[in-house]
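First comes the structure, then the notes that go with it.
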Amino acid sequence: MIPLKRRKKEAAAPSDPVTPPVLFPEVCIFLVERRMGAARRGFLTSLAQKKGFSVVQEYSGAVTHVVSEQNSFTDVLSWIERKTGKPVENGKDKESPHILDVSWFTESMSAGKPVPVETRHSLGTLQSGVSKEKDELFTVAPYACQRHTPLTHHNSGITDALEMLGKAAAFQGSEVRSLAFTRAASVLKSLPFKLQSAEEAKNLYFCGGHCQAVIQEILEDGVCHEVEVLKISEQYKCMELLTSIFGVGVRTAERWYKGGVRKLSDLEDMNIKLTPEQKAGIEHYTDLKQPVSLEEAKRVEHFIKDALNRFVSDLTITMTGGFRRGKQQGHDVDFLITHPDEEAIRGVLKKAVDWMDSKGLLLYHHTKVRSHTPAHRRSTHMDGHETCYAIFALPNLPSDSGVSGAAHVDLISPAARTWRAVRVDLVVSSYDEYPFALLGWTGSKLFERELRRFSWNEKKLTLNSHGLYNTEKNCSIPATSEEEIFALLGLQYVPPPYRNA
Ligand code: UTP
Ligand code: MN
């Protein structure tokens with residue numbers, strides 16, 4: 001939900017009436033529209049032309065660089081053949097065109113000149129008129145923020161297994177191994193085809209021996225032995241149970257497990273000291289464990305907007321998190337709140353929260369005030385926004401229960417309750433930080449992590465949900481939209497539905 005004024009600016013006409021001069025006559029780019037779409041193709045065309053590249057609309061023998069996104073080598077060749085009525089040929093007196101992944105294009109735009117074609121850019125080569133997919137060929141970019149990761153993909157059996165191994169590693173305190181599994185799963189989520197063999201994954205980033213063994217087992221046996229062992233492991237099951245309590249992280253869960261906790265009732269029986277957050281998490285455990293549907297999220301949104309609008313009528317309130325990425329369900333509902341007038345947002349969250357509390361709409365809430373320490377602005381991991389972590393009592397729809405309205409039975413029978421508990425996060429950001437907060441709170445967690453890793457490793461810039469900083473020059477780099485942040489990082493824009501890394 002980008003304010004209208006900005007949206008207009010971003011949707012600028014793709015083709016300029018006057019084509020800027022060509023600075024690199026040796027390069028002639030053809031962008032493959034398949035999977036890229038006409039709008040994005042238009043945008044990339046004008047971007048390249050502004051930088052002095054020659055981009056043609058129709059494929060011809062003059063093309064030197066064919067650039068495509070999310071297609072395999074054969075996809076590209078057959079698509080061009082269908083469009084032009086003849087196959088892409090190995091030129092007789094000239095070299096055949098490079099068939100490239102969009103990474104070559106991005107890097108060239110970033111460099112302001114055509115970068116040399118390297119193996120990792122190439123989808124395959126045409127040799128003596130015969131198309132040959134090199135090493136099964138498909139490669140994806142190394143950082144998740146350079147790829148498109150849709151919600152549904154072709155390798156979920158494998159990625160579920162890898163993610164479970166990643167979780168188990170995290171439960172054992174091994175962040176590094178956990179991240180390796182998570183990254184491998186994420187790479188496979190962005191593959192535009194179903195893997196047929198472990199061999200096909202050998203050129204992919206983060207898909208080393210262990211990952212390939214998992215792939216092979218799943219393709220051959222349908223299951224992965226290591227995962228099957230986890231599923232019946234008492235430690236894994238127990239850590240999964242404990243970490244799914246609101247307010248309980250891996251460290252706490254591990255401490256409890258080592259102290260002998262095996263089930264929720266043990267916490268009370270063993271007199272374990274709980275934070276107010278954890279107490280609320282246990283009290284509403286069954287409700288919170290049940291995924292929030294999109295329909296429920298929209299009803300929550302209605303209540304939250306109503307509450308906030310009572311105090312300031314023209315706030316921008318955006319549902320972020322997984323729902324913004326197109327998920328149909330989530331573990332909570334996240335909202336980001338802003339307003340151009342700094343005065344308007346001051347205190348509005350507290351007022352709305354107090355009002356909802358007085359109406360019995362909140363079962364728990366805890367507000368973290370805005371942090372003013374400059375450390376938040378420079379650190380990659382800290383988030384200093386004013387944030388309310390709450391458990392919302394979402395009233396049932398009239399049809400949900402035969403006894404709706406019978407509030408007095410709430411404590412007697414959970415089945416007859418007139419509400420269900422839903423985790424809600426409310427975040428307030430200043431207007432100038434809004435694009436960064438929006439990007440930071442849309443996720444996925446791995447996508448954010450990769451964006452920050454890319455910013456630092458490749459651009460020596462620090463990115464967080466407050467801004468983008470050049471730490472060497474000690475200055476911040478402003479942006480007015482998510483699109484602009486990607487552009488400042490030299491990245492192609494990745495729309496939210498493709499940030500499901
Ligand atoms: P969530 O944990 O809500 O994940 O964080 P999600 O993607 O919406 O998944 P489900 O559907 O609820 O399970 C959403 C985003 O907010 C950021 C996370 O990094 C993530 O990108 N976030 C979350 C923060 O920046 N700070 C926090 O304290 C919590
Ligand atoms: Mn969420």
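Just follow the structure's listing: the first ligand is 1, and inside any ligand the first atom is 1. Note that these values count all heavy atoms, side chains included, but never hydrogens, waters or copies made by symmetry.
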Item to check | Top protein contact for atom 15 (C) of ligand 1, by heavy-atom distance | outcome: W441 O, 3.5 Å

Checklist entry - Does NZ or CZ of R262 fall inside the cone over Y257's six-membered ring, less than 6.0 Å from its centre and within 45° of the axis? => result yes

Checklist entry - Any idea which atoms of ligand 1 are less than 4.0 Å away from a heavy-atom of G330? => result 11 (O)

Checklist outcome for this item: atom 7 (O) of ligand 1: closest protein heavy atom, distance to 0.1 Å, is R325 NH1, 2.8 Å

Next on the checklist: Can you report which non-hydrogen protein atom sits closest to atom 6 (P) of ligand 1, along with the distance?
Outcome noted: G322 N, 3.6 Å

Item to check | Exercise: identify the closest heavy-atom pair between D334 and G321 | outcome: OD2-CA, 3.4 Å

Checklist entry - Is there a heavy atom in G440 that sits closer than 4.0 Å to ligand 1? => result yes

Checklist entry - With a cut-off of 2.8 Å, does D334 place any N/O/S atom under that distance from the Mn ion (ligand 2)? => result yes

Checklist entry - Salt bridge or not for E295 and K298, using N-O below 4.0 Å? => result no

Checklist entry - Just heavy atoms, cut-off under 4.0 Å: does D383 contact ligand 1 by side chain, backbone, both, or neither? => result side chain

Next on the checklist: Below 4.0 Å from ligand 1: does a non-hydrogen atom of Y389 turn up there or not?
Outcome noted: yes

Checklist entry - Hey, what's the ring geometry for H385 with H466, parallel, tilted or perpendicular (30° and 60° as the breaks)? => result parallel

Checklist entry - Is it true that K460 and E472 make a salt bridge, defined as a side-chain N closer than 4.0 Å to a carboxylate O? => result no

Checklist entry - Which ligand 1 atoms does E448 reach within 4.0 Å, using its non-hydrogen atoms? => result 21 (O)

Checklist entry - Are T318 and Y434 close enough that a side-chain donor and a side-chain acceptor fall under 3.5 Å? => result yes

Next on the checklist: Which residue and atom name correspond to the protein heavy atom nearest atom 9 (O) of ligand 1, and how close is it?
Outcome noted: K327 NZ, 3.8 Å

Next on the checklist: Which residue and atom name correspond to the protein heavy atom nearest atom 19 (O) of ligand 1, and how close is it?
Outcome noted: K445 CG, 3.9 Å

Checklist entry - Got the closest protein heavy atom to atom 10 (P) of ligand 1, with its distance? => result H331 ND1, 3.4 Å

Next on the checklist: Could you tell me if Y498 and S190 have a donor-acceptor pair between their side chains, going purely by distance under 3.5 Å?
Outcome noted: no

Checklist outcome for this item: Residue, atom and distance of the protein heavy atom nearest atom 21 (O) of ligand 1 read G443 CA, 2.9 Å

Item to check | Salt bridge present between R453 and E458 (N-O < 4.0 angstrom) | outcome: no

Next on the checklist: Using a strict threshold of under 4.0 Å (side-chain N to carboxylate O), is an ion pair present between E482 and R499?
Outcome noted: yes

